[in-house]
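Note: hydrogens, waters and symmetry copies are ignored here, and every other heavy atom, side chains too, is used. In what follows, every chain begins at residue 1, and chains take the letters A, B, ... in the order their sequences are listed.
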Amino acid sequence: MTEQRLIAPDRPALEGLETVWSQVWEQEKTYAFRRPQSRESVFSIDTPPPTVSGSLHVGHVFSYTHTDIIARYKRMRGFDVFYPMGWDDNGLPTERRVQNYYGVRCDATLPYDPDFSPPENPDPKKQVPISRGNFIDLCEELTAIDEKVFEDLWRHLGLSVDWSQLYTTISGMAIRVSQAAFLRNLARGEAYLDYAPTMWDVTYSTAVAQAEIEDRDYPGFYHRVSFHAADGSPVYIETTRPELLVSVCALIAHPNDERYQPLFGSTVTDPLFGIEIPVLAHHMAEMDKGTGIAMCCTFGDKTDVQWWRELQLPTHTVIGRDGRLNRETPDWVVNTHRYAELAGKTTFSAREAVVAMLRESGDLDGDPKPTMRKASFYERGDKPLEIVASNQWYFRNGGKDEDLRKVLLARGEELRWVPKYMEHRFSDWVNGLNGDWLISRQRFFGVPFPVWYVLDMEGNPDYCQIITAEESALPVDPMTQPPAGYDESQRDQPGGFTADKDVMDTWATSSLTPQLACGWFRDEELFSLTFPMDMAPQAHDIIRTWLFSRVVRANFENGCLPWATTALSGFVTDPDRKKMSKSKGNVVVPTEILEKYGSDAVRWRAAMARPGTDSPFDEQQMKVGRRLATKILNASKLVLNLPGNDPGSWSVDKVINPADRSMLEELHGVIRFATQSLDEYEYTDALEVTERFFWTFCDDYIEFVKERAYGQEGVELAQMESARCALGIALGVMLRLFAPYCPFVTEEVWRWWHSDSIHLAPWPQAGHELADAETEVLEDVSTALIAIRGAKSAAKTSMKTPIESMVIRGNADTLRRLKSVESDLRAVSHLTGDITWTEATGDLQVEVTLAT
RNA sequence: GGGCGUAUGGCGCAGCGGUAGCGCGCUUCGUUCACACCGAAGAGGUCACUGGUUCGAUCCCAGUUACGCCCACCA
């Protein structure tokens, strides 16, 4: 008895493949970027850097898988794929996580404590104040922990990232690049400092940008309040923010409003503070809203800002950066004793106090009426935003400049969008911008602005005299380093300098990910090989933020688009098609399903979500991917473990049987379609066609040729070889077609008879050597098999039940084709008697008589 | 209020001018020598609604409704 040498293991399994192969890929540097001679052979990807302070959910897993599929495909097509990963660990999200995790808060007035260690039992309600330096230390400590968890997950998922290209948005390199780009923007006038009303979050005590604002329902009350005209008669207004009465600067009605026309040009007095203000006309006032006349404050909402600007009203700011009313009585207040009761109160308490005063003075008409209004919130905050005038840094983004807006809209048109219709989100956003991009944040953990200001002889900063850092000195921290030409002793001294204490918003740095990843300002060779990049994958929700901001920065710095194509992923929604969000509590964590079904199965499910399309989470679907992976394992085992089968001997030239040739030619069609689909980023179509073929291959073709492939008695050697070669060649092709989707199981099987990774193997080509093969053979065989199985199933009997006789009706071509594979047909159907061949018009019909 | 998208069997999705397909689930049967993470067969839909174009519409056009996402409004 000869020893049967097995190529495949006896009992192949999916468990543990992620661990085994991710380690091998790391050791073999399978995905390392190798710098080629020219840009043409590179495919570079601007991977979204995940916010490490958050958690990854299935939506991320799907979206990053979509990118990885394309990366793997391009690599197999022979491109040098530049696929870096970044961590967005800079900014307010990290600060917030550090505050909650360690139970601390940053107090910039405290000195650095080198012996500091965080509280052992953090109490989020009693945060310990610590210095800026200690706070930044903790930010760095925690992001390192979080990043390890993220990296492990990505490796487990099988992302073919080149980990040696990893960058983070708070690293010295990122700060240097970010500062350098900022200084160049400043020099060209694309960045500027301005004193203006901005949206302000009182919890985090920082300005926020338009892109980070979201509207939420917010309960409030309409208060009907009387102002007093010169003749003592009341003028009623309605307001939801009575606490802003003290910052009133005008009453405004529509110019056509006959009720108020007599008052235009006169002044009225507020009911509490003795402030005399004008009554003015403006077309933005709506006659049917409230009483038709509005109280304009600095600032209650964006309309107030517009009125203030267009009517050149005085600035009566009372709300401070901490969200409390100023402690000092404003100079425009006449009845100072009233203000004294409000000083230092939060807006909420001030509102109660003002309402009580109004009741007492008799100027509150009726009871406040409840209403549900929309208020603006910072997307990560939970208190409504205030509008505060302050000094802030801006990037021009076309929000105030028609020419620039047109340039950026043209960039949007130049970009290839997958799917195409997503382009609207870009143009809608650009067209809707109403101001420049505010980038400064009054926070700590971020990229510092590399500037200082000259102090005058009284020690006040002159914001017109900005001292910038030298590019060669970057990265720089102006809080600890003096500018060139100054001495540290001159810091904050009259006639000296003072640092800009703000940091850049995290988007200001992440808007430079193409420059960061590609080596701008640091590695000219790398930059020329990878930039502009080929692909910008991301989810569709951040078109207005990340995608747009990168277009802005590359337009300024490089005069081009940062990439040629953007590929948008949809969301994984909850089963009710609602967006997943922490506040709704419907977030699905990926670790469990990855553990339960395996990475290949989850990736398969991700690939079934077409570009841009949201898809509801359904755990059932994961099983289908799992089943595919298992089937790949088992079908491969069958082919490779045929007794004496030798992969080295497989050759298309030996494929002589019509059924075998038919199957291979059909597969060539699959290759063509899958290749074309992937070139168009339609990974789902490519997978579907491959998968459909694979199941037919398993259910029909393998069953049909099995006896011949085993070399049963009476089978000619050449016929057996034909089946084995066809099976082996098809397997090799299908594994490679599946490799971008299911990298683990395909690698496992491939290595049963290859020493190199499948992920560096060439993508299959559809040759012409089988062009004369008839693909109809396999179709006819499938039809015949369905009839044979149908008869056995109807008779409720085993598929192995012998068939006594068979009648086949079809046209001459069909009969000829089936006759050419008659021996296989007899074997698969366990036919004992004869086949009656009857020429007839119409579709192929097969009648069988079962043995009794 | 504006924009974009989606509406196809219980669920998830294809399709697209010539009277519907796939997967899951379901029903019935079979099987353990690739695979029970299995195989086979089957039931199940007037393709949201109303008009229009056409010889003919699920598919094109217009409108309606519902849902989702984004933006705007916020006195």
Side-chain angles (χ1 to χ4, degrees), chain A residues 8 10-14 210 214-215 217-218 220 222-223 225 237-241 244 251-253 284-286 289-297 300-304 307 371-376 384 419 421-425 427-429 431-434 540-541 543-544 570-571 573 575-579 597-598 601 605 608-610 612-642 684-685 688 691-692 695 698-699 702-703 706 710 785-786 788-801:
Chain A
D10 201 26
R11 295 198 67 82
L14 297 174
Q210 188 183 351
E214 65 185 27
D215 293 341
D217 286 325
Y218 192 69
Y222 280 124
H223 304 76
V225 176
I237 58 104
E238 279 192 11
T239 179
T240 56
R241 311 242 0 224
L244 287 176
L251 293 192
I252 295 169
M284 285 283 289
E286 294 178 42
K289 216 171 212 177
T291 62
I293 188 161
M295 166 176 91
C296 175
C297 309
D301 60 35
K302 284 178 203 159
T303 316
D304 287 346
W307 284 332
T371 176
M372 187 59 80
R373 64 199 188 98
K374 294 280 188 185
S376 294
Y421 61 81
M422 287 292 177
E423 185 176 350
H424 293 289
R425 303 219 181 167
S427 52
D428 285 357
W429 174 253
N431 281 318
L433 288 169
N434 53 31
H540 55 59
D541 58 329
I543 290 174
R544 67 197 175 105
F571 290 135
T573 64
D576 298 326
R577 295 181 181 276
K578 295 279 193 301
K579 191 172 161 178
Y597 298 99
R605 174 63 188 88
M608 295 309 283
R610 300 181 126 76
T613 310
D614 295 348
S615 70
F617 181 77
D618 178 4
E619 203 177 313
Q620 291 282 354
Q621 307 270 347
M622 307 289 167
K623 296 202 297 200
V624 185
R626 175 80 179 181
R627 205 176 62 132
L628 173 68
T630 306
K631 194 78 174 179
I632 290 173
L633 220 46
N634 287 307
S636 305
K637 174 184 142 189
L638 168 86
V639 171
L640 292 164
N641 281 356
L642 288 168
T684 310
D685 291 336
E688 275 183 353
E691 211 186 335
R692 194 164 36 241
W695 286 105
C698 291
D699 296 341
I702 289 185
E703 293 305 325
K706 210 181 207 172
Y710 269 108
L785 284 176
I786 285 168
I788 293 162
R789 289 163 180 160
K792 292 179 180 178
S793 197
K796 300 193 172 183
T797 181
S798 157
M799 290 298 138
K800 285 184 172 171
T801 305

Pair of N/O donor and acceptor under 3.5 Å linking B/A40 base with A/Glu703 side chain
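Flag unset: no donor-acceptor pair detected.
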
Donor-acceptor pair (no angle test) under 3.5 Å: A/Lys623 side chain, B/C37 base:
no

Length of the line joining [X]:[atom1] and [N]:[atom2], which is rounded to integer Å:
X: A/Ile786; N: B/G42; atom1: CD1; atom2: C1'; value: 13 Å
X: A/Arg610; N: B/G23; atom1: CZ; atom2: C1'; value: 13 Å
X: A/His540; N: B/U6; atom1: NE2; atom2: P; value: 12 Å
X: A/Glu688; N: B/G12; atom1: CD; atom2: C1'; value: 12 Å
X: A/His424; N: B/G2; atom1: NE2; atom2: P; value: 17 Å
X: A/Asp428; N: B/C71; atom1: CG; atom2: P; value: 11 Å
X: A/Ile632; N: B/C37; atom1: CD1; atom2: P; value: 17 Å
X: A/Asp618; N: B/C13; atom1: CG; atom2: P; value: 9 Å

Roughly how far apart, to the nearest Å, are [N] and [M] at atom [atom1]?
N: B/G9; M: B/U27; atom1: C1'; value: 15 Å
N: B/C11; M: B/A34; atom1: C1'; value: 31 Å
N: B/G21; M: B/A14; atom1: C1'; value: 7 Å
N: B/U8; M: B/C67; atom1: P; value: 15 Å
N: B/A20; M: B/C13; atom1: C1'; value: 14 Å
N: B/G23; M: B/C61; atom1: C1'; value: 33 Å
N: B/A7; M: B/C37; atom1: P; value: 36 Å
N: B/G18; M: B/G2; atom1: C1'; value: 39 Å

Counting side-chain heavy atoms from C-beta on, which of [options] comes nearest to [X]?
X: A/Gln620; options: B/C24, B/C69, B/A34; answer: B/C24
X: A/Tyr710; options: B/G30, B/G25, B/A34; answer: B/A34
X: A/Arg627; options: B/C38, B/G30, B/C33; answer: B/C38
X: A/Gln621; options: B/A34, B/A72, B/G23; answer: B/G23
X: A/Val624; options: B/C37, B/C24, B/C13; answer: B/C24
X: A/Lys637; options: B/C37, B/C24, B/C35; answer: B/C35
X: A/Lys302; options: B/C73, B/G39, B/U28; answer: B/C73
X: A/Lys796; options: B/A40, B/U28, B/C24; answer: B/U28

Could you check which nucleotide pairs with [N] in any of the strands shown, counting Watson-Crick or G-U wobble with both distances under 3.5 Å?
N: B/C60; value: B/G52
N: B/U19; value: none
N: B/U28; value: B/A40
N: B/G1; value: B/C71
N: B/U6; value: B/A66

Does a nitrogen or oxygen in the side chain of [X] sit under 4.0 Å from OP1 or OP2 of [N]?
X: A/Lys631; N: B/G39; value: yes
X: A/Tyr421; N: B/G3; value: no
X: A/Arg544; N: B/C71; value: yes

Straight-line distance of [X] [atom1] to [Y] [atom2], nearest 0.5 Å:
X: A/Asp304; Y: A/Cys296; atom1: CG; atom2: SG; value: 4.5 Å
X: A/Ile788; Y: A/Thr801; atom1: CD1; atom2: OG1; value: 12.5 Å
X: A/Leu251; Y: A/Met295; atom1: CG; atom2: CE; value: 8.5 Å
X: A/Leu638; Y: A/Leu633; atom1: CG; atom2: CG; value: 12.5 Å
X: A/Arg425; Y: A/Asp541; atom1: CZ; atom2: CG; value: 8.5 Å

Do the side chain of A/His540 and the main chain of A/Gly570 share a donor and acceptor less than 3.5 angstrom apart?
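Looks like no, no N/O pair under 3.5 Å.
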
Can you check whether A/Ala8's main-chain N or O pairs, donor with acceptor, with A/Asn641's side chain at less than 3.5 Å?
yes

Is any side-chain heavy atom of A/Cys297 closer than 4.5 Å to a side-chain heavy atom of A/Arg241?
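Not in contact.
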
Taking the nucleotide of RNA chain B with the nearest heavy atom to each, does A/Ser636 or A/Arg789 sit closer to the 5' end?
A/Ser636

Mapping A/Trp307 and A/Asn634 onto RNA chain B by nearest heavy atom, which one lands closer to the 5' end?
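Its nearest nucleotide lies further toward 5', so the answer is A/Asn634.
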
